[in-house]
Amino acid sequence: MRSLSSLLLTGGAGFIGSTLVRKILERSEVEKLIVLDKFTYAGDRNHLVGPDHDSRLTIVEGDILDQSLTTRLIEEHQFTGVLNLAAESHVDRSIASTQEFALTNVLGASSLLEICRLLKVPFLQCSTDEVYGSTPFPKKFDEFTKLRPSSPYSASKASADLLTIAAHTTYLQDVVIARCTNNYGPRQHREKLIPTLIYHAMRDEPLPIYGSGQQIRDWIHVEDCALGLIAAFEHGTPGKIYHLGARDEHTNLGIARTILKQLGKPESLICHVDDRPGHDARYALATRHSLESLGWKARIPFRTGFEETVREISSQLRIV
Ligand code: NAD
């Protein structure tokens, strides 16, 4: 079992990272948590208001590509683990321009991986169900499924996964990969599907839905995902992959309708727009291995978790 006592978390000012910070700090054995974040458009200091009063947390602004910074941090603090969540995470942006995705998601991960190998620090890579490409219904992909990413984003994440697996195969490096399904919850950037739909619905504006809207995603509450990441780090076998999904599949159209219903808005606001190029029809992960070997499973029911999320995001958007 790996120790949580002294951790470096990259991307901790983002959506999943800021929930992971809260979940890590709930653990009494944690003595030190350093968040390293570049504060791109997606990172926000406000996401860490609250946890920033905890004396165990330090926030460092910096790039995971900055090897002298990451080496210094890892040497100085004698981390018991590095959890890499820093990433360019929006598929549409990766289609517009791939460069930043290759830099942060591939080279950044590779750089951290190498420093962790040299300094013998356990490494967790946070990945995505998107690395497998579209999942034909009713199949669920397991951890041995061949990677077939469709977008530049998922290709960059798959590349980092391959480097991580190779580091274990070649050097027996202590690494674990956690592949998560679509997260929902508080503090997600407004450009992502759920905040975008809520934002438009609140303004009685058309809700843009790619193509038919029949694309299926497995939606997991971000708190469940954060607990899964901790479980994968603590208990994961070196070199193994763990799936973090909720087995809660919904179409994008269904998500839009649920939001409109909760906000008391008409379905006529739904507006179909040209589909995203290379859009995967469905993602679905088999999670039995994570349950059996980590004792982890998603616990927040979609109905209550999603209702709460719509309430939280809409009240946040009212303030802005
Ligand atoms: P996000 O875009 O909300 O946050 C990413 C964070 O990384 C931001 O705070 C940003 O400032 C930081 N960052 C970006 N480039 C950096 C760099 N070069 N150096 C240091 N920090 C940098 O992303 P998210 O949705 O919280 O996703 C977190 C991780 O989880 C990513 O690795 C993503 O691929 C993965 N993931 C996300 C989802 C999801 O549904 N959101 C699903 C599966 C996997």
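For the numbers below, each heavy atom of this structure counts, side chains included, while hydrogens, waters and symmetry mates do not. Given the structure is predicted, the values throughout are model-derived calculations rather than measurements.
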According to side-chain contact (heavy atoms from CB on, under 4.5 Å), who are the partners of [X], at least two apart in sequence or on a separate chain?
X      : value
Glu114 : Arg117, Leu118
Leu291 : Lys297
Ser134 : Asp280, Ala281

Any side-chain heavy-atom pair of [X] and [Y] under 4.5 Å:
X      : Y      : answer
Asn252 : Tyr210 : no
Gln188 : Asn183 : no
Arg190 : Leu317 : yes

Report task. Under the ring-ring contact (aromatic ring centres under 6.0 Å, His included) rule, what do His168 and Phe123 come out as? Steps first, then yes or no, please. Result -> CA-CA 10 Å; His168 178 72; Phe123 178 82; over 10 Å; no
Report task. Give a yes or no on whether Leu124 and Tyr171 share a hydrophobic cluster (residues Ile, Leu, Val, Met, Phe, Trp, Tyr; joining criterion: side-chain heavy atoms under 4.5 Å apart). Result -> no
Requested in this report: Compute both the distance and the angle, then confirm whether Arg179 meets the cation-pi test with Tyr242: under 6.0 Å from the six-membered ring centre, within 45 degrees of the axis.
Outcome: no
Requested in this report: Compute both the distance and the angle, then confirm whether Arg303 meets the cation-pi test with Phe306: under 6.0 Å from the six-membered ring centre, within 45 degrees of the axis.
Outcome: no
Query - Selection residues 15-71 - residue pairs positive for ring pair (Phe, Tyr, Trp, His ring centres under 6.0 Å), sequence neighbours left out - result: Tyr41-His189
Requested in this report: Mind running side chain to side chain contact (heavy atoms under 4.5 Å, CB included) on Gln173 and Cys116 for me, showing each step along the way?
Outcome: CA-CA 9 Å; Gln173 186 173 347; Cys116 286; 3.8 Å; yes
**Report entry** Partner of Leu36 by side chain to side chain contact (heavy atoms under 4.5 Å, CB included), out of Asn84, Leu69, Ile74
**Finding:** Leu69
Requested in this report: Take Glu130 and Tyr153 through the test side chain to side chain contact (heavy atoms under 4.5 Å, CB included) and record every step on the way to the result.
Outcome: CA-CA 9 Å; Glu130 300 189 29; Tyr153 162 70; 3.6 Å; yes
Report summary line: Sequence neighbours excluded, the answer for side chain to side chain donor-acceptor pair (under 3.5 Å) partners of Arg187 is Ser18, Thr19
Query raised in the report: Does a side-chain N-to-carboxylate-O contact under 4.0 Å join Glu249 and Arg282?
Result: yes
Query raised in the report: So does Arg93 pair up with Glu100, basic N to acidic O under 4.0 Å?
Result: no
Report task. For the pair Thr40 and Glu88, evaluate side chain to side chain contact (heavy atoms under 4.5 Å, CB included) and give the outcome as yes or no after the intermediate values. Result -> CA-CA 9 Å; Thr40 65; Glu88 288 295 332; 4.0 Å; yes
Requested in this report: Kindly assign one of parallel, tilted or perpendicular to the pair Phe302 and His250, based on the angle between their ring planes and the thresholds 30° and 60°.
Outcome: parallel
Query raised in the report: If you link I, L, V, M, F, W and Y whenever their side-chain heavy atoms are under 4.5 Å apart, who else ends up in the same group as Ile216?
Result: none
Report task. Scan side-chain atoms only and decide if Ser159 and Ser156 contain a donor-acceptor pair under the 3.5 Å cut-off. Result -> no
**Report entry** Nearest-0.5 Å distance, CG of residue Asp63 to OG1 of residue Thr70
**Finding:** 9.0 Å
